[in-house]
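For reference, the structure discussed in these notes is given below.
All residue numbers refer to positions in the sequence shown, counting from 1. When reading the values below, keep in mind they use all heavy atoms of this one structure, side chains included, and skip hydrogens, waters and symmetry mates.
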Amino acid sequence: MSRKKSSLAVLLVGLALALGSCSLGQAPEQSISFATTAGNRQVMESIISQFEAANPGITVDAEFDSSDQYAAALQDGLVAGSAPDVFTLTPGVGTPLSMATLVAEGHLADLTGTEWSDRLPTGLGELTEVDGKRYAVTHDVTGIGVVFNGAAVERAGLKLPNTWSQVLQFCVDARSAGTVAFALGAKTAWNTQLITYALTSTLVYAAEPDFDARMASGQASFSDSAWREALDKYLQMQQAGCFTDDPTNLSYEDASWLVAKGDALSIVLPTSSVASIREDTPEDDRLGMYPLPATEDEFATTMPIGAGTLFAVNADSQQNEAALKFLDFLASDPIQAEYVRDMGTVPAFRPKDFQFEPALVFALPYLDQQRSNPLPDQTWPNTGVQLAHMTGVQQLLAGEATVDEVLAAMDAAYREGVVRPG
């Protein structure tokens, strides 16, 4: 009997201690899992440390894998019901890990009504929602425009173009000055698509805001749209001597190097590429950026933008409250500022007192005035369309394909396996 009384006393003491802890307001320990690619490791480890310091009792168990390993592990986890509480994904519907695809499969928690939801710029809002509901947050914007070496342009005695005809004249005048207007690293496949995207933002998506919806319903095609004009103008640039000689044998890295050293005046690139160019640019060579004109109306020019890394919450998370708290923390001004500074990009929101990369300041009016359109490939139904476009442009520049053939290949790829949520 004495042993039973002793055990009961220990039990009562333990219970009293537990109740006492609760009465003192100490929250139970919580742990949330988070996964992303290895490229985010440095900045996310810093952000996670800050989150844990600001939220005692919540720990974040993070995993960082290579892109291929990450994609495979996340897909397997979502199917098995063992995916992390918070993870990163891509916009659009083009891959198994695209946001709209995962929404259609019921894997993402609805984030509508969060404090940060209504602060996203219009273009980004469309890329983080499905059927009017928000499912992800992003820190950064990727815009595509013309990165130029200001000192090199000045040495050539030229002015930057504001209209399409001025673009072609800029190319002719650059050749006369002994240089080249645009470096183009078309040997690197993804580099081939940037000029088309820059032109179609104005020619297609600004002129026909419902183009994506009409494509999805089968009422429009690349072949019977201003995509044809964009590819025609791509060829006009080549014929006007705009590009470095034999661009299909020049890599992205080598093309960027030419601009950094002032051996080419400019290059069409994403905003995220500016930081790496600046590292190779002498301090007195002023880098800048502007949207590529596509028409004779300089005020009609728009800029293609895309969401950077998206963060979402697993719909099956058992730690939903803590996961949402982590997402709110990611969307806060100081954390967003740290993320975009580390990645060298443009912030999706506008952190107070944020010091922008000088060359990227050009993008702000386009976001503020909603003179932007989503990157085309972030709304395409599969990855085949982008591949057909990239390969097609390489063949176009090499004289191995016609505009008709490139557009037909893109249309065929679009029609294969179209997947739409709902």
Side-chain angles (χ1 to χ4, degrees), residues 92 122-123 126-127 142-146 160-171 181-182 184 186 190-216 219-240 242-243 266-271 289-306 362-363 365-367 369-380 385-386 388-390 392-393 396-397 401-411 413-414:
T122 301
E126 296 170 3
L127 293 171
T142 297
I144 294 175
V146 182
L160 299 174
N162 292 316
T163 65
W164 173 249
S165 59
Q166 289 177 10
V167 169
L168 297 181
Q169 190 60 50
F170 181 66
C171 296
F182 294 90
L184 175 60
W190 69 265
N191 222 219
T192 62
Q193 61 196 328
L194 304 179
I195 289 176
T196 326
Y197 289 0
L199 293 171
T200 55
S201 178
T202 301
L203 296 174
V204 179
Y205 300 97
E208 298 183 66
D210 63 342
F211 182 77
D212 278 333
R214 291 173 59 237
M215 282 289 293
Q219 298 176 343
S221 68
F222 294 114
S223 297
D224 295 322
S225 73
W227 267 86
R228 177 177 300 280
E229 183 181 355
L231 288 179
D232 283 337
K233 288 187 170 181
Y234 209 142
L235 287 179
Q236 289 177 37
M237 292 180 73
Q238 185 181 37
Q239 292 160 3
C242 291
F243 307 135
S266 64
I267 185 172
V268 177
L269 284 179
T271 50
M289 199 169 187
Y290 66 94
L292 181 65
T295 69
E296 295 308 303
D297 181 1
E298 63 180 283
F299 299 106
T301 302
T302 63
M303 179 181 64
I305 66 166
F362 92 102
Y366 287 85
L367 294 175
Q369 299 167 26
Q370 299 181 8
R371 293 174 62 186
S372 60
N373 297 289
L375 290 175
D377 58 42
Q378 293 194 341
T379 58
W380 288 341
V385 186
Q386 185 182 40
H389 175 230
M390 292 187 297
V393 170
L396 199 64
L397 293 171
T402 65
V403 170
D404 284 342
E405 291 170 337
V406 175
L407 294 174
M410 292 175 64
D411 280 327
Y414 189 98

Q | Straight-line distance of Q169 CD to T163 OG1, nearest 0.5 Å | A | 10.0 Å
Q. How many angstroms lie between atom CE of M215 and atom CD of E208, to the nearest 0.5 angstrom?
A. 11.0 Å
Q. So how far is it from D210 CG to D212 CG, rounded to the nearest 0.5 Å?
A. 9.0 Å
**Q.** Interatomic distance, K233 atom NZ to L199 atom CG [nearest 0.5 angstrom]
**A.** 7.0 Å
**Q.** Heavy-atom pair with the smallest gap, counting every atom of P304 and A198
**A.** CG-CA, 3.9 Å
Q. Does a donor on one side chain sit under 3.5 Å from an acceptor on the other, for T302 and S201?
A. yes
Q: Compare every heavy atom of T301 with every heavy atom of P293, then report the nearest pair and how far apart it is.
A: CA-OG1, 3.9 Å
Q. What's the verdict on side chain to side chain contact (heavy atoms under 4.5 Å, CB included) for N191 and L269, showing C-alpha distance, side-chain angles and the deciding distance?
A. CA-CA 8 Å; N191 222 219; L269 284 179; 3.4 Å; yes
Q | Side-chain touch F222/H389, heavy atoms, less than 4.5 angstrom | A | no
**Q.** Pair V403-L396, side chain to side chain contact (heavy atoms under 4.5 Å, CB included): steps then yes or no
**A.** CA-CA 7 Å; V403 170; L396 199 64; 4.0 Å; yes
Q | Exercise: identify the closest heavy-atom pair between A240 and L168 | A | CB-CD2, 4.1 Å
Q) Got D404 and R228 here, is their nearest side-chain heavy-atom distance under 4.5 Å? A) yes
Q | Heavy-atom check, side chain of Y290 versus side chain of N162, under 4.5 Å | A | no
Q.
Please determine whether side chain to side chain contact (heavy atoms under 4.5 Å, CB included) holds for the pair V268 and Y197, giving the CA-CA distance in whole Å, both sets of side-chain angles, and the decisive distance to 0.1 Å.
A. CA-CA 10 Å; V268 177; Y197 289 0; over 6 Å; no
Q: State, yes or no, whether a side-chain contact exists between W227 and S221 at a heavy-atom distance under 4.5 Å.
A: no
Q. Which heavy atom in A216 sits nearest to a heavy atom in Y414, and how many Å separate them?
A. N-OH, 3.3 Å
(Q) With salt bridge (Lys or Arg N to Asp or Glu O under 4.0 Å) as the rule and sequence neighbours excluded, what pairs involving residues 192-205 come up? (A) none
Q | Nearest-0.5 Å distance that lies between atom CG in L375 and atom OG1 in T200 | A | 9.0 Å
Q.
Show the nearest heavy-atom pair for residues L203 and A226, with the distance to one decimal.
A. O-CB, 3.4 Å
(Q) Nearest 0.5 angstrom please: R371 CZ to N373 CG, how far? (A) 11.0 Å
Q) Would a 4.5 Å heavy-atom cut-off, applied to side chains only, mark L184 and L397 as touching? A) yes
**Q.** Least distance between heavy atoms, F243 atom then M237 atom
**A.** CZ-CB, 3.6 Å
Q) Do the non-hydrogen side-chain atoms of D377 and V385 ever get within less than 4.5 Å of each other? A) no
**Q.** Side chain proximity check, F362 to T271, heavy atoms < 4.5 angstrom
**A.** yes
Q: Carefully, step by step, assess Y205 and F211 under the rule ring-ring contact (aromatic ring centres under 6.0 Å, His included).
A: CA-CA 7 Å; Y205 300 97; F211 182 77; 5.6 Å; yes
Q: Provide the full list of salt bridge (Lys or Arg N to Asp or Glu O under 4.0 Å) pairs with a residue in residues 293-306, sequence neighbours left out, each pair given once.
A: none
